[in-house]
Amino acid sequence: VEGDDKKAGKRWTLEDFDIGKPLGRGKFGNVYLAREKRSKYVVALKVLFKNQLQQSQVEHQLRREIEIQSHLRHPNILRLYGYFYDQNRVYLILEYAPRGELYKELQRCKCFNEKRAATYIASLARALLYCHEKHVIHRDIKPENLLIGFKGELKIADFGWSVHTFSRRRTMCGTLDYLPPEMVENKEHDTAVDIWSLGVLCYEFLYGIPPFEAKKHSDTYRRIIKIDLKFPPTPVVSDAAKDLIRQILVKDSTQRLPLQKILEHPWIVQNDDPTGVYGQN
Ligand SMILES: CC(C)NC(=O)[C@H]1CCC[C@H]1Nc1nc(Nc2ccc(C(=O)N(C)C3CCN(C)CC3)cc2)ncc1C(F)(F)F
């Protein structure tokens with residue numbers, strides 16, 4: 001976008017935007033379609049209430065996440081163009097993803113065909129490779145944190161990025177389903193946690209449910225620790241896909257298939273379709 005660099009340093013205010021329809025509710029506030037008046041550029045404006053951020057003690061985490069997110073530039077990572085605040089709210093100026101939330105699409109389709117699943121996994125692997133090269137570990141890769149761009153491409157959109165310690169948020173809420181053993185056991189963890197989540201996502205894209213799902217947290221925990229990985233008879237999934245999932249969902253984080261190897265796996269090579277013409281429905 002022209003003047004993009006000016007954007008980064010510019011002092012934004014609400015008056016710079018025409019506010020459109022609400023896109024939905026985020027955890028700490030709502031998201032609106034918006035258009036920057038001067039450039040007519042369409043964005044998503046995420047409004048966060050300061051008092052809610054204070055109550056949940058996440059303001060410093062938000063600051064760090066904004067710092068990281070605003071420096072990431074990748075087609076499969078949602079852009080953060082800038083932010084501003086007023087008396088009661090913090091506003092994030094974010095890239096608008098026209099085709100909405102992936103988790104809703106997965107619910108609608110029940111599960112994805114192998115081309116679509118492989119195309120999504122390949123784009124996530126490339127985005128994570130980019131992040132890991134910048135020493136950014138995401139740690140929150142799950143369907144709820146993924147949006148779909150204009151051409152159907154996946155965008156990692158959550159602000160749970162951080163380079164360091166265990167994000168407190170996880171202990172506060174959210175599902176265990178995507179956690180690897182070392183996190184469930186609260187051990188040291190590194191970029192291999194994102195690789196694990198990619199395996200969980202691949203399984204969920206193909207079967208419509210995460211691999212270690214259970215009614216009770218304690219059962220999910222047990223299934224993860226044990227790597228209790230079972231493939232249902234339906235929907236029918238190729239052996240190549242199962243082979244990839246088995247090579248990722250490995251307890252020893254150093255033995256998980258590295259991202260570069262995931263991109264070279266036969267199932268990905270044969271099914272990734274970056275033009276996205278075959279994957280949809
Ligand atoms: C990753 C994070 C955890 N998630 C979020 O932030 C969520 C919280 C609320 C919305 C979303 N945040 C964003 N959403 C979009 N695009 C978008 C979303 C929803 C629809 C949609 O299906 N409807 C409007 C439908 C249209 C049809 N009616 C019936 C229902 C709503 C269409 C486009 N772009 C950027 C963002 C972002 F991230 F920049 F804020």
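The figures that follow rest on heavy atoms only: side chains count, while hydrogens, waters and symmetry mates do not. We count ligands from 1, going down the list as the structure has it; atoms in each ligand are counted the same way.
- With a 4.5 Å cut-off on side-chain heavy atoms, E101 and E144 do not count as touching.
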Starting from the C-alpha separation in whole Å, work towards a yes-or-no answer on salt bridge (Lys or Arg N to Asp or Glu O under 4.0 Å) for D243 and R246.
-> CA-CA 5 Å; D243 173 74; R246 279 196 199 94; 5.5 Å; no
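- A salt bridge between E182 and R256 is present, with a side-chain N of the basic residue lying under 4.0 Å from a carboxylate O of the acidic one.
- Looking at E105 and R116, a side-chain N of the basic residue comes within less than 4.0 Å of a carboxylate O on the acidic one, giving a salt bridge.
- The existence of a salt bridge linking R64 and E67 is excluded, since no basic side-chain nitrogen approaches an acidic carboxylate oxygen closer than 4.0 Å.
- Interface atoms of ligand 1 facing N145, defined by a heavy-atom separation under 4.0 Å, are 3 (C).
- With a heavy-atom cut-off of 4.0 Å, L147 touches ligand 1 through its side chain alone.
- At a heavy-atom cutoff of 4.0 Å, ligand 1 is contacted by the side chain of A44 but not by its backbone.
- The N/O atoms of G24, backbone and side chain alike, include none that comes under 3.5 Å of an N/O atom in ligand 1.
- Residue W12 forms a ring-ring contact (aromatic ring centres under 6.0 Å, His included) with just one option from F84, Y81, Y83, F17, and that option is F17.
- Counting heavy atoms closer than 4.0 Å to ligand 1, residue E95 contributes backbone atoms (N, CA, C, O) but none from C-beta onward.
- Here atom 3 (C) of ligand 1 lies nearest to E144 when heavy atoms of R25, K155, E144 are compared.
- Near A97, the atoms of ligand 1 lying under 4.0 angstrom from a non-hydrogen atom of the residue are 15 (C), 16 (N), 17 (C), 33 (C), 34 (N), 35 (C).
- Within the set K21, E101, R79, K142, the minimum heavy-atom distance to atom 11 (C) of ligand 1 is found for E101.
- Judged as a salt bridge (Lys or Arg N to Asp or Glu O under 4.0 Å), the pairs with a partner in residues 196-219 (not counting sequence neighbours) are, in order, D219-R222.
- Considering V47, L23, I93 only, the shortest heavy-atom separation from atom 23 (N) of ligand 1 involves L23.
- Per-residue contacts place G100 under 4.0 angstrom from the following atoms of ligand 1 (heavy atoms of the residue considered): 17 (C), 18 (C), 19 (C), 20 (C), 32 (C), 33 (C).
- Heavy-atom proximity to V31, at under 4.0 Å, picks out these atoms of ligand 1: 8 (C), 9 (C), 40 (F).
- Below 30°, between 30° and 60°, or above 60°: for Y120 and F112 the angle between ring planes is above 60°, a perpendicular geometry.
- Taking all heavy atoms of K104, K46, R99 into account, the minimum distance to atom 5 (C) of ligand 1 is reached by K46.
- By the criterion of a heavy-atom distance under 4.0 Å, the side chain of L78, and not its backbone, is placed next to ligand 1.
- You'll find the side chain of I137 reaches within 4.5 Å of the side chain of D194, heavy atoms only.
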